[in-house]
Chemist: 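Following this message is one structure expressed as structure tokens.
Please read these numbers as outputs of a predicted model, since none were measured by experiment. Proteins get letters first, then strands, A, B, ... in listed order; numbering begins at 1 in each.
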Number of protein chains: 2
Amino acid sequence: MNAPVANAQAKMLNATPIAFPCSSAPVTRVTQVQTYAGGKEIYTPGEKSGTFYEVEFGAVRLHRLLSDGRRQVIGFYLAGETFGFEADRTHAFFAEAIVPTGLRSFSQPGSGDDILKLALRGMLRAQEHLAVIGRQTAVERIAGFLLDMANRQGNLDHFDLPMSRLDIADYLGLTIETVSRVFAKLRASNLIKLQSVRCVQIQDFKALASLCA
Amino acid sequence: MNAPVANAQAKMLNATPIAFPCSSAPVTRVTQVQTYAGGKEIYTPGEKSGTFYEVEFGAVRLHRLLSDGRRQVIGFYLAGETFGFEADRTHAFFAEAIVPTGLRSFSQPGSGDDILKLALRGMLRAQEHLAVIGRQTAVERIAGFLLDMANRQGNLDHFDLPMSRLDIADYLGLTIETVSRVFAKLRASNLIKLQSVRCVQIQDFKALASLCA
DNA sequence: CGCTGAATTGAAAATCTTCAAGTCTAGTGG
DNA sequence: CCACTAGACTTGAAGATTTTCAATTCAGCG
């Protein structure tokens, strides 16, 4: 198995979040790391917000449920990325660990500057998401998604896809079957290679980028 | 003709932006109102940002161009709404007046609190946009779009659509023909009524909302 | 070794896009 | 006042893409 990053702590399972102190405080007071098993909820809609989380390792998914039972994935957060502050005093989404995940939480954001920087980054991310799913075809969306994921993991030769195909589908506004078929097509065209189902190697960056319009 | 709001100043045309002083300063220093004819550029990508704009009347569109010539509309801003600060020091999008429009500009945002509030509101709007175009079918997207527009114009019985069908299409990731057909279908089902091409009356709020999943 | 959930694949049906005519409407000029 | 025009909008039909439903295949785990 080749997954390079996200499964590093795969052995640490089923633990309800356990807090433990942690030294290197980057921005503010309450600094601790909690670990979550894959699939564990971090918060739910309606809970009061005000706490931020930085992903130490693993991956987090934000989503919401539509009234017909479908699910919309709002975003993914990888190691080093921050989430948890939303526009309201109250959370609008579900946050879940996708794989075993460590989160550093900040119950008091530092200066107004810090929180502003985070808000702007959050907006940038939302705009990038918009840019990807505003495209018309499934191939364009998935190519854009893969490039974004590669970029966020340092443009390594190969990288993890910690989320399931269904997560990707719900993120891109497609069905799981379409996602699967587009992956197959990209692989058949030698644009990507799947080292395993959830580990992608981009073989032709330029060609992939040209698909994103 | 029935357009209630956006064309109030339709007679004021072709003016290159003209600045004139204005008294009621809501937040900060440099306060003035500029008017733009429909179709006039407000700023372009690459310009340095730092100035905010509040729409006094009219409507503004943010968009960007894809490499294949297609256009993505990032958002619409109606009277009372604020735009212009983006994640970077530099604008990432085109901003254009859709109809004759008056903008109050703030070259120095007030306190950090003010700018943060605006950033959070901007993020909320981006998330709502995501929620709308993340849906799978054209009917769902347009129903969601109409409800959003109605909501932003005070849930009046009828409201303006200052933007063209093409603008709507580029906003929702659809073609102009699909937008037109869905409007026709909604009208045929008595969910909406078109008082004119760009003035919508929602006849069945609940039914429309139920289409949004 | 056989589960079980995830992922892939196939075929038919539904939806959307594309291309090609129209139609409508506001603005112009006779 | 009325035609005329240009641009926006609508509508039709064919083709392409995507979804849906169903059946396999695959991978990790007891």
Side-chain angles (χ1 to χ4, degrees), chain A residues 1-3 6-7 10-11 13-14 37-39 61 68-71 98-100 133-143 160-170 172-188 192 194-200 211 213, chain B residues 1-3 6-7 10-14 37-39 61 68-71 98-100 133-143 160-170 172-188 192-200 211 213:
Chain A
M1 211 287 220
N2 279 17
N7 291 330
K11 282 294 146 55
L13 286 177
N14 300 97
R61 170 188 66 225
D68 66 350
R70 277 181 306 174
R71 200 184 56 157
I98 301 178
V99 292
I133 74 173
R135 301 180 195 291
Q136 283 177 342
T137 76
V139 169
E140 290 170 2
R141 291 188 204 172
I142 290 184
D160 269 336
L161 246 31
M163 67 294 287
S164 70
R165 297 291 190 264
L166 183 58
D167 286 331
I168 299 173
D170 290 344
L172 297 177
L174 300 169
T175 61
I176 182 175
E177 292 96 336
T178 300
V179 171
S180 192
R181 276 185 254 269
V182 171
F183 269 76
K185 191 191 284 187
L186 293 177
R187 197 182 40 186
I192 66 172
L194 295 180
Q195 306 213 346
S196 74
V197 173
R198 302 218 183 162
C199 183
V200 179
L211 290 181
Chain B
M1 212 287 221
N2 280 18
N7 291 332
K11 283 294 145 56
M12 177 200 55
L13 286 179
N14 299 93
R61 171 188 66 225
D68 66 350
R70 279 180 305 173
R71 199 184 56 156
I98 302 179
V99 291
I133 74 172
R135 301 181 196 289
Q136 283 177 339
T137 75
V139 169
E140 290 169 1
R141 289 188 205 172
I142 291 186
D160 270 335
L161 245 32
M163 67 295 286
S164 71
R165 297 290 191 264
L166 183 59
D167 287 333
I168 298 173
D170 290 343
L172 297 177
L174 300 170
T175 62
I176 183 175
E177 293 96 335
T178 300
V179 171
S180 191
R181 278 185 252 269
V182 171
F183 270 76
K185 190 192 282 189
L186 293 177
R187 198 181 42 187
I192 66 172
K193 202 167 182 174
L194 295 181
Q195 306 212 346
S196 74
V197 173
R198 301 216 184 163
C199 184
V200 179
L211 289 181

Chemist: Please lay out, stage by stage, how B/Ile168 and B/Met163 fare under the test side-chain contact (heavy atoms from CB on, under 4.5 Å).
Modeler: CA-CA 7 Å; B/Ile168 298 173; B/Met163 67 295 286; 3.6 Å; yes
Chemist: Rounding to an integer number of Å, can you tell me how far B/Leu211 CG sits from C/dT15 P?
Modeler: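 About 13 Å, once rounded to whole Å.
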Chemist: Measure CE/A/Met163 against P/C/dA7 and give the value in whole Å, please.
Modeler: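 The distance from CE of A/Met163 to P of C/dA7 comes to 11 Å, rounded to the nearest Å.
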Chemist: Measure the CD-CG distance between A/Glu140 and B/Asp68 for me, rounded to the nearest 0.5 Å.
Modeler: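 The distance works out to 7.0 Å.
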Chemist: Please determine whether a side-chain nitrogen of the Lys or Arg among A/Asp167 and A/Arg71 lies less than 4.0 Å from a carboxylate oxygen of the Asp or Glu.
Modeler: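 Salt bridge present between A/Asp167 and A/Arg71.
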Chemist: Of all the choices, C/dT17, C/dA7, C/dG10, which nucleotide is nearest to the side chain of A/Arg198 once you look at every atom?
Modeler: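 Of the candidates, C/dA7 comes closest.
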Chemist: Give the nucleotide from the list D/dG12, D/dT18, C/dT9 with an atom nearest to the side chain of A/Ala138.
Modeler: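 The answer is D/dT18, which lies nearest to the side chain.
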Chemist: When all nucleic acid strands are considered with a 4.0 Å heavy-atom cut-off, which category describes B/Ser164: base, sugar-phosphate, or nothing?
Modeler: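 Answer is sugar-phosphate: B/Ser164 comes under 4.0 Å of backbone atoms only.
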Chemist: Among D/dT10, D/dT20, C/dT17, which nucleotide sits nearest the side chain of B/Leu194?
Modeler: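 So the nucleotide nearest the side chain must be D/dT10.
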Chemist: Between A/Thr178 and D/dT19, is there a contact of a side-chain N or O with OP1 or OP2 at under 4.0 Å?
Modeler: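 For D/dT19, OP1 or OP2 has a side-chain N or O of A/Thr178 closer than 4.0 Å.
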Chemist: Rounded to whole Å, how long is the line connecting atom CD of B/Glu140 with atom P of C/dA14?
Modeler: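 After rounding, the gap between these two atoms is 17 Å.
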Chemist: In whole Å, what is the span from the CZ atom of B/Arg165 to the C1' atom of C/dT25?
Modeler: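 So the CZ-C1' distance, B/Arg165 to C/dT25, works out to 13 Å.
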Chemist: Find the distance B/Leu186:CG to D/dT10:P and express it as a whole number of Å.
Modeler: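 It is 12 Å, rounded to the nearest whole Å.
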Chemist: Decide yes or no, distance alone: a donor-acceptor N/O pair under 3.5 angstrom between the base of C/dC16 and the side-chain of A/Gln136.
Modeler: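 No.
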Chemist: Can you tell me how far CG of A/Leu174 sits from CZ of A/Arg181, rounded to the nearest 0.5 angstrom?
Modeler: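 Here the rounded value is 11.5 Å.
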Chemist: Within this structure, what is the CG-to-P distance between A/Leu161 and C/dT8, rounded to whole angstrom?
Modeler: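 It is 10 Å, rounded to the nearest whole Å.
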Chemist: Taking the nucleotide of DNA chain C with the closest heavy atom to each, which residue, B/Leu174 or A/Phe183, is nearer the 5' end?
Modeler: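 On the 5' side of the pair lies A/Phe183.
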Chemist: What integer distance in Å separates A/Ile176:CD1 from D/dC21:P?
Modeler: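 Rounding to the nearest Å, CD1 of A/Ile176 and P of D/dC21 are 15 Å apart.
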Chemist: Tell me which nucleotide among D/dT10, D/dT19, C/dT18 gets nearest to the side chain of B/Arg181.
Modeler: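 Nearest to the side-chain atoms of B/Arg181, counting from C-beta on, is C/dT18.
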Chemist: Measure from CD1 on B/Ile168 to P on D/dT10 and round the result to the nearest Å.
Modeler: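 From B/Ile168 CD1 to D/dT10 P: 9 Å.
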Chemist: Are any non-hydrogen side-chain atoms of A/Asp160 and A/Val99 less than 4.5 angstrom apart?
Modeler: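 Side chain of A/Asp160 against side chain of A/Val99, heavy atoms only: no contact under 4.5 Å found.
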Chemist: Pick the closest DNA chain D nucleotide for B/Arg187 and for A/Lys185 by heavy atoms, then say which residue is nearer the 5' end.
Modeler: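 Nearest nucleotide further toward 5': that of B/Arg187.
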Chemist: Confirm from the modelled atom types if A/Glu177 and D/dC21 form a donor-acceptor pair under 3.5 Å, side chain to base only.
Modeler: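 When only heavy-atom distances are counted, A/Glu177 does reach the base of D/dC21 through a donor-acceptor pair under 3.5 Å.
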